Amino acid sequence: MYVRGGDCIDHRLEYRVDARRQSSLIINKHRTAWMTFSSSIRIIVMLIASWFLIHAGWTNDGRVGAAIFIAGILIELVVTFLEGRVLKRKLPPDNAEQTIHHAKHLLPFYLPLLYSALVLVILNPSIQAALNNTTDPLLAVASFSVALQILNLFVWFCSSLHQIVIQFYTSKRREVLIFLSFLSILSPLLLLLLSFGFAGDPVLRNVLGLEGELLLETRGLLRILAVYVAFYPWVEYFIGRSILIGNTKPIFIGRLFSVSFAILALILCICFFPGLDGNVAGIVMAVSDECIILKKLT
């Protein structure tokens, strides 16, 4: 649930308590330091768990990674939940202008967000299936997996930009647009730097251990994904604007249009350009972001 500044929650509403609700409340009250604290504790716990499992020799099962991830998520959830509960008690008991009295009144707002998430889930399996049909499936899947993990560092950094739009766009529109523009320039530049040997080798070669064709393929994929990173802050901007005005249907329509176009692009690339290998995924992801923005502008 997204909470807009100045609004309060009717005490008569009975919501299912979840981590996203508490996180939104923390952002609404500008107490984001708690989210940083919970994330820091989460990373420390995951590092300790990884160190322990490696020294104990329990690293021969993929479920070990899932267990480490779940342990970190639980830590972050508990800290966020406790701080959110404290802030909730400080909310006004009622609001005379409140028009929502039952959870079902939220469905027109929430369901498009749910459907857009479900549509987006289809994209990654579609990309994986397409990569399995390229000229060199092993190289394509491996390079995409590495590039995706690096890409996620930039995506996660920008993933809360819609909350910035929700909280500050009305009162500080110019500053919000400047900040978004700055990120849309800085993020692709950093990703492009990683794709060149003088800047990227300390990470790609020395840390990740990439060599030969895998290194070259990953570099090329990062250059294509720089386009995706450049447009991503503006996708978050349009999502935030839609939530701000209470109309989430454009989010679902944009995602549906984007994913549909991406799947069509995957089919065409595999049929006519299978030699692109991992670059197929980068091209499709970059195009899907542009489709969302174009759909919002039309």
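Since this is a predicted model, take the numbers as computed values, not measurements.
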Do Thr218 and Leu214 come within less than 4.5 Å of each other through their side chains, counting heavy atoms only?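 They are in contact (side-chain heavy atoms under 4.5 Å apart), so the answer is yes.
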
Does the side chain of Tyr237 come within less than 4.5 Å of Leu161's, by heavy atoms? no

Just to verify, what does [X] make a side-chain hydrogen bond (donor to acceptor under 3.5 Å, both in side chains) with, not counting sequence neighbours?
| X | answer |
| --- | --- |
| Ser195 | Arg223 |
| Ser184 | Trp234 |
| Tyr115 | none |
| Arg63 | Asp61 |

For residues 43-53, which residue pairs pass the side-chain hydrogen bond (donor to acceptor under 3.5 Å, both in side chains) check, not counting sequence neighbours?
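Listed by first then second residue: Trp51-His55.
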
I'd like to know if [Y] and [X] are part of one continuous hydrophobic network [Ile/Leu/Val/Met/Phe/Trp/Tyr, side-chain heavy atoms within less than 4.5 Å].
| X | Y | value |
| --- | --- | --- |
| Val146 | Leu138 | no |
| Leu192 | Val229 | no |
| Val121 | Phe261 | no |
| Ile185 | Phe154 | no |
| Leu189 | Val227 | no |

Do side-chain atoms of [X] reach the backbone of [Y] as a donor and acceptor pair under 3.5 angstrom?
| X | Y | value |
| --- | --- | --- |
| Thr248 | Pro112 | no |
| Ser258 | Gly254 | no |
| Asn247 | Ile243 | no |
| Thr134 | Leu131 | yes |

Note: with side-chain heavy atoms under 4.5 Å as the link, the other cluster members for Ile70 come out as Leu74

**Study point:** Members sharing Ile44's hydrophobic cluster (side chains within less than 4.5 Å)
**Key:**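 Ile44 shares its hydrophobic cluster with Ile48.
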
Between atom [atom1] of [X] and atom [atom2] of [Y], what is the distance when rounded to the nearest 0.5 Å?
| X | Y | atom1 | atom2 | value |
| --- | --- | --- | --- | --- |
| Asn206 | Leu204 | CG | CG | 9.5 Å |
| Phe196 | Leu222 | CZ | CG | 10.5 Å |
| Phe109 | Leu114 | CZ | CG | 12.5 Å |
| Asn132 | Ile127 | CG | CD1 | 12.0 Å |
| Arg255 | Ser260 | CZ | OG | 12.5 Å |
| Leu151 | Ile224 | CG | CD1 | 12.0 Å |

Return the minimal non-hydrogen interatomic distance between [X] and [Y], and the atom names on each side.
| X | Y | answer |
| --- | --- | --- |
| Leu183 | Pro188 | O-CD, 3.9 Å |
| Leu225 | Ala147 | CD1-CB, 3.9 Å |
| Leu266 | Val284 | CD2-CG2, 3.5 Å |
| Val207 | Pro202 | CG2-O, 3.1 Å |
| Phe252 | Ser116 | CD1-N, 3.7 Å |
| Ile166 | Gly240 | CG1-O, 3.8 Å |

Per-pair distances, 0.1 Å, donor-acceptor, side chain in residues 268-280, under 3.5 Å, sequence neighbours excluded:
residue, atom, partner, partner atom, Å
Asp277, OD1, Thr135, N, 3.4
Asp277, OD1, Asp136, N, 3.1

Check against side chain to side chain contact (heavy atoms under 4.5 Å, CB included), Ile150 and Leu208: CA-CA 11 Å; Ile150 298 174; Leu208 299 179; 4.1 Å; yes

Across all chains, not counting sequence neighbours, the side-chain contact (heavy atoms from CB on, under 4.5 Å) partners of Val176 are Ile164, Val165, Phe168, Tyr169, Leu180

Which of Arg241, Glu236, Gln167 passes side chain to side chain donor-acceptor pair (under 3.5 Å) with His162? It is Glu236

Residue pairs passing the salt bridge (Lys or Arg N to Asp or Glu O under 4.0 Å) test with at least one member in residues 199-215, sequence neighbours excluded, are Asp201-Arg205, Asp201-Arg219, Arg205-Glu211

Applying ring pair (Phe, Tyr, Trp, His ring centres under 6.0 Å) to Phe52 and not counting sequence neighbours gives Trp58

Can you list everything that forms a ring pair (Phe, Tyr, Trp, His ring centres under 6.0 Å) with Phe144? Sequence neighbours excluded, please.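 Partners of Phe144 by the ring pair (Phe, Tyr, Trp, His ring centres under 6.0 Å) criterion come out as none, since no residue qualifies.
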
